[in-house]
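Worksheet for the structure shown next.
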Amino acid sequence: NAGVTQTPKFQVLKTGQSMTLQCAQDMNHEYMSWYRQDPGMGLRLIHYSVGAGITDQGEVPNGYNVSRSTTEDFPLRLLSAAPSQTSVYFCASSYGQGYGGYTFGSGTRLTVV
Amino acid sequence: SQKIEQNSEALNIQEGKTATLTCNYTNYSPAYLQWYRQDPGRGPVFLLLIRENEKEKRKERLKVTFDTTLKQSLFHITASQPADSATYLCALDTTGNTGKLIFGQGTTLQVKP
């Protein structure tokens, strides 16, 4: 059981470039979320999804897009990278409805120069 | 405004003592609250979930309480060990089961031998 798989683990982007952070889970979880974690700021919710075809904005959605075409995958797209998006990004999944907690991926460390 | 507050100051205790961490929230009506552990460079790991109709939940040396009137959860680690040293995060779904899981900033626990 792989759990939640995030790729890549590390990425350096130039300002203005776009990229997609991949997230896949093999636990048949309905709920999936993307967080960013910055020093002193804790985990902040970017976007989340409660099932295939359903997404919604979190606390800090600007500059990011998501889609959920399958239960397994929840990619996060950076449209035009900015230095303020330098962060560690975590994807997480859960059965939802309070049936247990979220399983987190190992994270993607993104640097925008 | 809506927020989740955890003590930002590190908690230092002696091995064998009980550690108590606090999570307070305002202007949310969560159906449940979760606690996670995070080690440096790693993603959060789910520990416990407590529902709004539960006063207390236990798992081995861990105990969580949830007071919806005070809007507070307490997280206890009994007989603490140096291996318990980590950052502990509380999280809640903002209202019911929306899938919008918001985290506090976390409290760092240091257990000294």
Side-chain angles (χ1 to χ4, degrees), chain A residues 3-6 9-10 21 23 25 27 29-61 66 68 71 74 87-109, chain B residues 1-10 23 25 27-54 57 59 62 64 66 73 75 86-108:
Chain A
V4 176
T5 302
Q6 289 185 239
K9 292 192 182 302
F10 302 93
L21 306 185
C23 177
Q25 52 93 8
M27 298 170 284
H29 284 168
E30 287 296 322
Y31 286 25
M32 295 187 75
S33 299
W34 275 103
Y35 293 88
R36 61 177 289 174
Q37 188 168 37
D38 305 292
M41 298 294 292
L43 282 160
R44 291 184 291 170
L45 181 64
I46 305 172
H47 285 285
Y48 64 104
S49 169
V50 297
I54 306 169
T55 64
D56 206 345
Q57 296 182 349
E59 302 169 281
V60 288
V66 293
R68 184 100 181 268
T71 298
F74 192 41
S87 187
V88 179
Y89 291 85
F90 288 103
C91 178
S93 72
S94 166
Y95 286 115
Q97 300 292 318
Y99 296 115
Y102 278 72
T103 300
F104 278 77
S106 57
T108 295
R109 186 172 296 273
Chain B
S1 63
Q2 299 173 316
K3 56 184 178 180
I4 304 171
E5 288 186 330
Q6 294 185 254
N7 192 341
S8 59
E9 293 183 8
C23 176
Y25 60 93
N27 296 328
Y28 290 128
S29 300
Y32 52 84
L33 188 144
Q34 304 179 20
W35 284 88
Y36 290 77
R37 168 182 173 144
Q38 187 174 24
D39 293 286
R42 310 290 291 271
V45 174
F46 170 70
L47 296 175
L48 280 169
L49 180 150
I50 185 165
R51 298 177 186 279
E52 60 179 340
N53 60 350
E54 297 175 314
K57 189 75 100 38
K59 179 183 176 182
L62 309 180
V64 173
F66 191 16
S73 176
F75 177 80
T87 296
Y88 291 86
L89 306 163
C90 72
L92 53 85
D93 193 319
T94 56
T95 305
N97 294 306
T98 63
K100 190 174 182 179
L101 193 73
I102 304 297
F103 282 79
Q105 292 192 3
T107 298
T108 298

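Chain A is the first sequence line, chain B the second, and so forth, proteins listed ahead of strands; every chain is numbered from 1.
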### Task
Examine whether an atom of A:Y102 lies under 4.5 Å from a heavy atom of chain B, and if so say whether it belongs to the side chain, the backbone or both; otherwise answer neither.
both

### Query
What part of A:L45 gets closer than 4.5 Å to chain B, counting heavy atoms only: side chain, backbone, both or neither?
side chain

### Summary
CZ (A:F104) and OH (B:Y36) are apart, to the nearest 0.5 Å, by 5.5 Å

### Summary
To the nearest 0.5 Å, atom NZ of B:K100 lies from atom OH of A:Y31 at 14.0 Å

### Message
Within the 4.5 Å heavy-atom criterion, are A:S33 and B:L101 side-chain neighbours or not?
### Response
no

### Message
I'd like to know whether CZ of A:R109 has more than 12 heavy-atom contacts from other residues, nucleotides or ligands below 6.0 angstrom.
### Response
no

### Task
Examine whether an atom of B:L47 lies under 4.5 Å from a heavy atom of chain A, and if so say whether it belongs to the side chain, the backbone or both; otherwise answer neither.
neither

### Task
Would you mind checking which part of B:Q38 comes under 4.5 Å of any heavy atom in chain A, side chain (CB onward), backbone (N, CA, C, O), both or neither?
side chain

### Query
What closest approach, in Å, do A:G100 and B:L49 show between heavy atoms, and which atom pair accounts for it?
O-CD1, 3.6 Å

